[in-house]
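Reading through the structure tokens given below for one structure.
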Amino acid sequence: MNTSITQEQLPQSEPIQAQACIIIHPGSKHLRIGRASDVNPHTILHAIARPKRPEGPLHRDPLLIPSVPLSKELSLQIEENYQVMRGTLQSCLRSDGSPRPATTSHQVSVANKSCNPIQGSVSNLQYVTKSDVKDYIIGDQILYTNPVDHFNVHFPFRHGDLNIHSGVGGSLSSVMADLETIWSHCIVNLLEVSRAELKHYRAVLVIPDIYNRQNLKELVNLLLNQLGFGSCFLLQDHVAATFGAGLGAACVVDLGDQKTSISCVEDALSQRATRIRLDYGGADVTQSFYYLLQKAGFPYKNCQPHHPLDGALLTRLKESYCHLNLDLCGLRDVNFVVERPGVPSFRYHIKVGDELLLAPLGLFNTEVFALTGQDKRGQGQANATGDPEDPHDADYLRETSRRAHKEALENQSASAASMDTAENGASAAAQGEDDLVVDSLAADATPDDQPQQQLLYSLDQAILHSIERCSSDEMKRRMYSCVLLVGGGAKFEGLSTWLHNRLLLQIPFLFRPEQTEIIVGPKEMDPSMVAWKGAAIMSCLESAQELWIRPSEWKKIGVRILREKAPFYW
């Protein structure tokens with residue numbers, strides 16, 4: 001790219017160069033970042049660690065969502081749910097029609113009693129100490145921070161949104177500063193682009209489908225003013241996923257580390273009423289897996305899920321061995337190595353049975369996720385709040401629509417006496433329709449959007465609820481015919497088949513399509529990369545030319561430009 005020409009000087013029709021587009025997809029656990037021309041993005045732990053000040057408070061966001069203390073009643077309830085799930089597995093048939101032999105936790109426990117770890121040589125791993133660190137640590141090195149040295153660890157995203165809390169480093173400005181440090185570190189060290197050169201680059205930021213407008217304003221400000229990109233635009237992750245999969249319409253299910261989000265996307269628009277975010281994801285499945293392993297005599301007794309290295313080990317075991325393939329029965333071998341810096345490593349060779357299926361089955365029996373807290377109810381897109389920088393914000397629209405509605409009602413009542421009854425009815429209906437349209441746009445939601453979504457949905461129930469909120473019967477039929485599973489939590493073998501069977505039993509007859517297709521890993525892609533790839537594809541389209549926001553426009557017009565240029569309803 002000609003570095004003597006800035007993005008401000010480029011004509012609007014300048015062809016997009018994929019090498020000059022940087023795609024940023026931040027998640028609760030991982031950050032995916034790369035050029036649009038890259039086959040795959042760089043994936044790193046989306047966290048930052050800084051040495052604690054001598055007299056300052058300590059704050060460590062855990063790698064794995066922590067489990068909570070369980071009451072006796074709750075423990076019994078979780079055990080009952082697992083027994084029901086074991087009964088379901090026992091009654092299932094394999095693909096050849098033969099009965100499926102199930103295993104019990106007692107069988108597995110007996111098999112693991114004779115397991116003795118094999119001691120290896122002293123590990124070559126080393127802890128990262130304060131003396132090794134100038135200002136901060138980013139990425140996987142955070143797993144090896146020395147516990148004695150006390151580092152503050154922050155994950156800027158949690159549960160699919162900015163991690164704003166009352167603790168140290170939990171303010172919006174602190175979170176934005178962390179994001180600037182992490183992203184600029186990755187751009188300089190992984191993409192080998194200096195901060196001074198960013199004015200010649202464009203950025204696409206993949207945002208959650210359920211977004212907070214104030215946060216988006218801060219993120220655009222970060223890209224254009226703090227990092228200094230030549231232009232940028234925002235793209236919802238579900239819309240990006242449909243581009244990555246090459247689909248015009250789909251019910252997109254994104255299984256992340258800490259949240260599961262669902263919405264119906266058609267013609268590159270996420271339908272607002274269909275959006276649901278559930279506060280459970282891959283980390284909850286990992287904690288469930290650990291709970292089941294403990295019940296089955298897990299021989300690694302010193303495992304501490306809150307320790308970063310043990311949390312990473314449990315996640316690896318889940319991703320390597322858990323599945324929903326009913327043909328895999330009986331006891332299976334599981335091998336892993338426990339390594340700690342400066343001490344001998346230990347190799348474990350253990351047996352695991354139906355625990356490998358029960359952990360991911362929690363997605364369909366979400367009561368067991370009470371292990372990590374009970375407040376996991378669904379939420380939808382919140383109504384927009386006012387913004388002092390935007391004279392035509394949501395408050396303005398609501399207020400003007402109410403006033404127009406009130407005046408219309410007064411005019412109707414005043415003219416009712418002098419008008420014929422039939423004419424009066426017709427004009428009132430027409431006037432009422434106009435007002436309802438304005439009022440609906442102003443409120444940006446139907447009144448029942450929120451209350452119905454304050455429930456704990458299983459994965460299949462959430463999909464059904466999302467599709468039921470589509471605006472037309474024809475759209476519902478299209479969504480039932482194509483469900484797209486993306487995200488790091490969608491990698492369980494057999495998940496699509498299990499979900500397909502659950503949905504077929506529940507799709508209303510009226511909307512039943514000829515064929516229901518559950519797509520995982522389209523075009524042989526890693527499900528966790530689909531949204532990033534879709535954003536890379538969209539950034540190079542000629543039709544995306546109008547979406548780019550330049551620093552001069554942002555400075556002059558501010559947040560109002562998002563109403564004109566954002567590829568979603570602002």
Side-chain angles (χ1 to χ4, degrees), residues 1-27 30-44 46 48 138-139 156-157 176-207 216-237 239-240 243-244 529 531-558 561-562 565-567:
M1 189 168 183
N2 184 358
T3 54
S4 64
I5 302 173
T6 67
Q7 287 286 358
E8 295 297 317
Q9 295 169 310
L10 290 175
Q12 199 71 15
S13 59
E14 180 76 13
I16 302 291
Q17 295 187 31
Q19 295 91 338
C21 283
I22 293 176
I23 315 299
I24 305 170
H25 184 190
H30 289 114
L31 168 69
R32 292 176 178 84
I33 187 168
R35 291 180 172 85
S37 55
D38 294 343
V39 177
N40 287 315
H42 296 275
T43 302
I44 71 158
H46 198 194
I48 185 167
I138 284 172
F157 274 77
M176 299 312 293
D178 286 343
L179 287 175
E180 181 183 354
T181 306
I182 296 169
W183 296 358
S184 63
H185 176 92
C186 293
I187 289 166
V188 171
N189 293 282
L190 300 179
L191 305 185
E192 298 179 347
V193 178
S194 71
R195 288 281 294 261
E197 291 177 311
L198 283 183
K199 61 187 176 185
H200 308 303
Y201 284 79
R202 302 168 186 251
V204 180
L205 180 63
V206 181
I207 61 166
L216 295 195
K217 185 169 78 170
E218 295 294 337
L219 289 167
V220 174
N221 199 50
L222 169 63
L223 292 172
L224 296 180
N225 293 342
Q226 265 73 51
L227 291 171
F229 277 100
S231 58
C232 77
F233 73 80
L234 309 178
L235 182 63
Q236 287 173 295
D237 50 5
V239 175
F243 273 91
M529 306 286 187
W532 184 91
K533 198 70 182 173
I537 292 167
M538 188 170 174
S539 69
C540 299
L541 295 178
E542 197 176 326
S543 54
Q545 289 278 19
E546 297 172 7
L547 303 178
W548 296 105
I549 300 168
R550 300 164 188 273
S552 59
E553 295 172 316
W554 183 251
K555 191 175 181 181
K556 183 179 177 182
I557 305 171
I561 200 168
L562 288 169
K565 289 202 169 189

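For this chain, numbers begin at 1 and follow the sequence in order. Excluded from the calculations below are hydrogen atoms, water molecules and symmetry mates; all remaining heavy atoms, backbone and side chain alike, are included.
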- Item | Pairwise side-chain contact, F157 with L31, heavy-atom cut-off 4.5 Å (strictly under) | no
Check: residues 532-544 side-chain donor-acceptor pairs under 3.5 Å, at least two apart:
unit_1	atom_1	unit_2	atom_2	d
W532	NE1	I23	O	3.1
K533	NZ	D38	O	3.2
K533	NZ	V39	O	3.1
S539	OG	A536	O	2.7

- Between the side chain of R202 and the main-chain N/O of S231, is any donor-acceptor distance below 3.5 Å? no
- Message: Give me the atom names and distance for the closest heavy-atom approach of K217 to W554.
- Response: O-CZ2, 3.6 Å
- Item | Main-chain N/O of R32 paired with H25 side-chain donor or acceptor, under 3.5 Å | no
- Contacts of F233 that satisfy ring-ring contact (aromatic ring centres under 6.0 Å, His included) - sequence neighbours left out: W548
- So do the side chains of I207 and Q236 get within less than 4.5 Å of each other, counting heavy atoms only? yes
- Within-4.5 Å side-chain heavy-atom neighbours: M176 and L219: yes
- Task: For H46 and G27, work out which heavy atoms get closest and say how close.
- Result: ND1-O, 3.0 Å
- I187 and F229, any side-chain heavy atoms less than 4.5 Å apart: yes
- Under a 4.5 Å cut-off applied to non-hydrogen side-chain atoms, are V239 and P567 in contact? no
- Pairwise side-chain contact, C232 with L224, heavy-atom cut-off 4.5 Å (strictly under): yes
- Residue pairs fulfilling salt bridge (charged side-chain N to carboxylate O under 4.0 Å, His left out) with at least one residue in residues 180-189, sequence neighbours excluded: E180-R195
- Message: Any non-hydrogen side-chain atom of L223 less than 4.5 Å from a side-chain atom of I24?
- Response: yes
- Task: Report yes if the side chains of M529 and T43 come closer than 4.5 Å at any heavy-atom pair, otherwise no.
- Result: yes
